[in-house]
Amino acid sequence: MLDAKLVRTNPELVAQNLARRGYELDTRQLTDLESQRKTLQLQVEELRSQRTLRSKSIGQAKAQGKDIAPLLADVESLGAELKTAEAAFEQNQQRLRELFLGLPNLLHESVPDGDSEEDNQEIRQWGQPRTLDFTARDHVDLGEGVGGLHFDRAARLTGARFVVMTGQLARLHRALTQFMLDVQTTEHGYTEAYVPYIVNRKTLTGTGQLPKFEEDLFKLEGDSEYFLIPTAEVPLTNLVADRIIEDQDLPLRYTAHTPCFRSEAGSYGRDMRGMIRQHQFDKVEMVQIVRPAESYAALETMTGHAESILQKLELPYRVVALCAGDIGFGAAKTYDIEVWLPAQNTYREISSCSNCEAFQARRMGARWRNPETGKPEPVHTLNGSGLAVGRTMVALLENGQQADGSVKLPPALWPYMGSVRTLAAP
RNA sequence: GGAGAGGUGGCUGAGUGGUCGAAAGCGCUCCCCUGCUAAGGGAGUAAGGGUUAAAAGCCCUUCGAGGGUUCGAAUCCCUCCCUCUCCGCCA
């Protein structure tokens with residue numbers, strides 16, 4: 001959510017910034033609602049003030065044994081008047097709330113212009129893609145050869161966009177999550193968390209998935225309004241919802257390994273082959289809660305934390321700054337990390353690190369006590385994948401492949417794989 | 001699932017339908033006092049919002065959430081959520 005005061009006092013500036021995303025802010029509607037709000041709020045508060053004043057005088061008169069009948073007659077019409085005013089105000093508030101909850105975050109000035117993926121800006125590359133003296137196989141073929149990747153079985157169990165892993169690939173998947181968690185907790189100072197995979201509407205509104213992106217979520221049947229998490233960002237970030245954090249407790253760094261569930265509505269036909277785009281995938285997530293002045297430095301270090309996983313796994317990648325048109329709803333700035341996939345002969349997203357500034361904090365009511373002002377102020381929140389486990393497996397298989405279809409594993413994983421250093425046909 | 005108890009400020013914990021945003025204690029901040037420490041004395045200390053260019057001041061809201069009764073609700077009524085204890089069931 002944007003700062004209401006800023007939007008109110010400077011709608012043109014806000015509109016200009018949002019226009020970079022291709023979002024058109026109806027400033028006319030906004031200022032209309034706002035001036036309405038002002039009138040209605042003043043009216044309601046004045047009526048309430050009157051009511052309190054008179055009620056008190058009734059109390060006093062009663063205590064002194066005076067006749068209260070004339071006083072009662074005096075307030076008679078107040079109640080009805082207040083009720084109508086409150087109803088109008090509440091309606092106005094509702095509309096403003098809906099409008100505000102639908103506004104995306106303001107972009108940081110360093111975000112490059114552009115409408116789509118094409119315009120994202122490459123920041124740096126790491127590692128050299130191998131030149132193969134044979135035709136690269138993709139992870140589906142490699143998984144089949146090495147054994148343990150079963151899309152057909154998953155399709156029968158559930159449907160499209162699911163996978164079953166068995167044997168050494170299931171183990172590799174587990175090894176990867178353990179490895180990632182170990183690095184984030186022991187080397188980068190994150191506190192490991194175990195969190196619910198099912199959350200309520202308020203929580204998803206806090207991080208910005210709701211109300212706008214409900215169709216991307218899996219919703220549970222039942223009396224409670226529950227959703228499967230699309231990312232651990234949701235429970236982890238909401239850990240600080242409705243809290244005031246003391247300065248000395250910042251920054252907070254949380255990590256968690258969770259499955260993520262996404263309906264992938266609107267991506268029919270995209271990445272249908274393989275594990276790239278699934279309804280269920282595992283991810284190790286990083287979340288940071290920081291002082292506002294430190295959030296951009298934190299974005300750089302957090303991106304580095306994601307990169308270090310790829311470096312240890314010896315996977316070539318590049319970092320891109322998302323352009324204005326490609327950046328997510330709640331983010332002010334985002335770096336995507338894209339890993340090299342030989343079979344696709346291109347880089348594909350494997351991590352996304354975002355600074356949401358105060359956008360989520362305002363929605364959640366997450367604040368810190370600024371020692372300079374002594375007042376509670378919204379914190380800044382960041383989140384990043386560290387990393388998406390399924391896509392990391394894809395990258396490991398494809399980048400480690402040998403001419404005979406076996407797959408060499410990087411030394412960083414050896415301790416997690418027992419004695420296995422190469423995945424070969426069983 | 002059954003029976004009971006309870007949800008009040010950073011924490012503990014009082015609270016009568018009216019002057020209660022709420023006693024008291026702890027914690028915290030500032031000041032005083034003692035050579036230091038320990039102890040003691042005094043003052044202050046919730047959040048959100050509006051009005052304002054901003055502040056001061058003033059006003060509104062908030063005692064788990066939402067409704068209701070009333071001139072007036074932390075206090076009375078209804079519904080829901082959550083926590084605790086006992087019983088049952090259970091990974």
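All figures in this text were calculated on a predicted structure; none of them were measured in a lab. Naming: A, B, ... by sequence-line order, numbering from 1 per chain.
- The ring pair (Phe, Tyr, Trp, His ring centres under 6.0 Å) analysis of residues 3-43 of chain A, with sequence neighbours excluded, yields no pairs.
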| Base-pairing string, 5' to 3', of RNA chain B - Watson-Crick or wobble, under 3.5 Å, | interstrand | ((((((((.[[[..)..(.....]]]((((((.......))))))((((((.....)))))).[[[[[..)....]]]]])))))))....
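- Applying the side chain to side chain donor-acceptor pair (under 3.5 Å) definition to pairs two or more places apart or across chains, those involving residues 383-400 of chain A are A/H139-A/E398, A/E233-A/N383.
- Spacing between B/rU45 and B/rG10 at atom P, rounded to whole Å, works out to 14 Å.
- For A/Y317, the ring-ring contact (aromatic ring centres under 6.0 Å, His included) partners two or more places apart in sequence, or in a different chain, are A/W126.
- Residue pairs meeting the ring pair (Phe, Tyr, Trp, His ring centres under 6.0 Å) criterion with at least one partner in residues 205-245 of chain A, sequence neighbours excluded, are A/F213-A/F329, A/F218-A/H279.
- Distance check on atom C1': B/rA39 versus B/rC20 gives 35 Å, rounded to whole Å.
- Listed by first then second residue, pairs satisfying side chain to side chain donor-acceptor pair (under 3.5 Å) with a partner in residues 413-426 of chain A read A/D182-A/Y416, not counting sequence neighbours.
- Not a single ring-ring contact (aromatic ring centres under 6.0 Å, His included) links A/H150 to another residue, sequence neighbours left out.
- Between B/rG88 and B/rC80, the distance separating the two P atoms is 26 Å to the nearest Å.
- The separation of B/rC76 from B/rA5, taken at their P atoms, amounts to 14 Å, rounded to a whole angstrom.
- Near RNA chain B, meaning a heavy atom under 4.0 Å from it, residues 25-35 of chain A has no residue at all.
- A/R369 comes within contact range of the sugar-phosphate backbone alone, with a heavy-atom separation under 4.0 Å but no base atom that close.
- The number of heavy-atom neighbours closer than 6.0 Å to CD of A/E300, taken from other residues, nucleotides and ligands shown, is above 12.
- Where A/Y226 and A/I58 each meet RNA chain B at their nearest nucleotide, the meeting point lying more 5' is that of A/I58.
- Of the P atoms belonging to B/rU16 and B/rC71, the separation is 23 Å, rounded to the nearest Å.
- Comparing the C1' positions of B/rA56 and B/rG68 gives an interatomic distance of 40 Å, to the nearest angstrom.
- Annotation: A/E294, atom CD; neighbour count of heavy atoms from other residues, nucleotides and ligands within 6.0 Å is above 12.
- For A/Y296, the ring-ring contact (aromatic ring centres under 6.0 Å, His included) partners at least two apart in sequence or on another chain are A/H108.
- For A/R262, the salt bridge (Lys or Arg N to Asp or Glu O under 4.0 Å) criterion is met by no residue, not counting sequence neighbours.
- Using a 4.0 Å cutoff to heavy atoms of chain A, the contacted part of RNA chain B runs 5' to 3' from B/rG18 to B/rG72.
- With P as the reference atom, B/rG18 and B/rC77 are 16 Å apart, rounded to whole Å.
- Along RNA chain B, the nucleotide nearest to A/R37 and the one nearest to A/R54 differ in position, and the one closer to the 5' end is contacted by A/R37.
- Atom name P, nucleotides B/rU61 and B/rG6: the rounded distance is 29 Å, in whole Å.
- Every residue meeting the ring-ring contact (aromatic ring centres under 6.0 Å, His included) condition with A/H305, not counting sequence neighbours, appears here in chain and number order: A/H188, A/Y190.
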